[in-house]
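Just so it is clear, the structure is predicted and the values come from calculations on it, not from any experiment.
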Amino acid sequence: MNNYYRITGYCEQEDFCFILDCYGAFEKLWQFSSFLIQKGLKVLEVGAESKFADGNLSRIVENTEKIVLRANAKGKPEYVTQTVDGVTYTAVKVADKVYVPDRSQIA
């Protein structure tokens, strides 16, 4: 999967958090992050498909025109632990959706 990115962010003004995926809409991860920052959102976690573990969020199909909202909730995202293949990682939780933003960070 080329150009598959996932970002967790927070909107201070409206006090909500979110997980967004895009697959093909941006050539580079920094372009996706920059787009959200320009909209006044805080970027908390970023990852290309090789960096994160899906958790209970399946991948989206390629779409060069859309960013997909995977989860949103009031307040900031929660940080929890999640075990994947016998290894415990720090994971991000937004509403009932959980994923590991960085598989190199073992809890």
Side-chain angles (χ1 to χ4, degrees):
M1 289 184 188
N2 292 330
N3 305 349
Y4 194 109
Y5 307 122
R6 180 169 288 165
I7 291 181
T8 302
Y10 177 67
C11 177
E12 286 185 333
Q13 186 176 18
E14 301 295 329
D15 189 34
F16 71 89
C17 60
F18 55 87
I19 298 171
L20 296 172
D21 282 6
C22 76
Y23 184 10
F26 296 95
E27 185 176 327
K28 303 286 183 185
L29 180 56
W30 69 264
Q31 293 169 320
F32 187 17
S33 298
S34 177
F35 173 78
L36 297 175
I37 291 167
Q38 289 173 3
K39 302 295 180 193
L41 302 169
K42 275 191 160 181
V43 173
L44 303 176
E45 302 288 346
V46 298
E49 59 95 18
S50 61
K51 183 179 176 185
F52 63 85
D54 292 318
N56 65 354
L57 288 166
S58 59
R59 306 275 170 119
I60 61 173
V61 296
E62 186 172 8
N63 186 324
T64 59
E65 297 178 12
K66 295 188 179 180
I67 297 169
V68 179
L69 177 64
R70 305 308 307 277
N72 67 298
K74 187 81 172 148
K76 294 183 178 180
E78 295 178 58
Y79 285 86
V80 298
T81 58
Q82 182 173 15
T83 302
V84 178
D85 297 329
V87 180
T88 302
Y89 298 95
T90 299
V92 174
K93 181 177 181 186
V94 173
D96 64 341
K97 302 298 183 188
V98 180
Y99 81 100
V100 176
D102 187 350
R103 288 185 292 205
S104 69
Q105 294 197 359
I106 298 171

Can you name the nearest heavy-atom pair linking [X] to [Y], along with the distance?
{"X": "L36", "Y": "F18", "value": "CD1-CE1, 4.4 Å"}
{"X": "R70", "Y": "K97", "value": "O-CG, 4.0 Å"}
{"X": "Y89", "Y": "I106", "value": "CE2-CG1, 4.1 Å"}
{"X": "Y99", "Y": "D54", "value": "CB-O, 3.3 Å"}
{"X": "P101", "Y": "V92", "value": "CG-CG2, 3.7 Å"}
{"X": "I7", "Y": "S33", "value": "CD1-OG, 3.6 Å"}

[Y] reachable from [X] in the ILVMFWY side-chain graph, under 4.5 Å edges:
{"X": "F26", "Y": "L69", "result": "yes"}
{"X": "V100", "Y": "V46", "result": "no"}
{"X": "F35", "Y": "L29", "result": "yes"}
{"X": "L41", "Y": "I37", "result": "yes"}

Query raised in the report: Within the side chain of D21, is there an N or O that forms a donor-acceptor pair under 3.5 Å with the backbone of V68?
Result: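 No: the side chain of D21 does not pair with the backbone of V68.
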Query raised in the report: Would a distance-only check, ignoring hydrogens and angles, find a side-chain to backbone donor-acceptor pair under 3.5 Å from N72 to F16?
Result: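 Pair absent, no side-chain N/O of N72 close to backbone of F16.
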Starting at [atom1] of [X], measure out to [atom2] of [Y] and round the result to the nearest 0.5 Å.
{"X": "C22", "Y": "I60", "atom1": "SG", "atom2": "CD1", "value": "7.0 Å"}
{"X": "D96", "Y": "N56", "atom1": "CG", "atom2": "CG", "value": "6.5 Å"}
{"X": "D15", "Y": "K74", "atom1": "CG", "atom2": "NZ", "value": "4.5 Å"}

Query raised in the report: Can you check whether Y4 reaches R59 side chain to side chain, under 4.5 Å on heavy atoms?
Result: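 Heavy-atom side-chain distance check passes, below 4.5 Å.
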Under 3.5 Å donor-acceptor pairs involving side-chain atoms of residues 76-87, not counting sequence neighbours:
| residue | atom | partner | partner atom | Å |
| --- | --- | --- | --- | --- |
| Y79 | OH | E45 | OE2 | 2.8 |
| T83 | OG1 | T88 | OG1 | 3.1 |

Query raised in the report: Y5 vs F32 aromatic rings, parallel, tilted or perpendicular, using cut-offs 30° and 60°?
Result: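 The rings of Y5 and F32 sit tilted, inter-plane angle from 30° to 60°.
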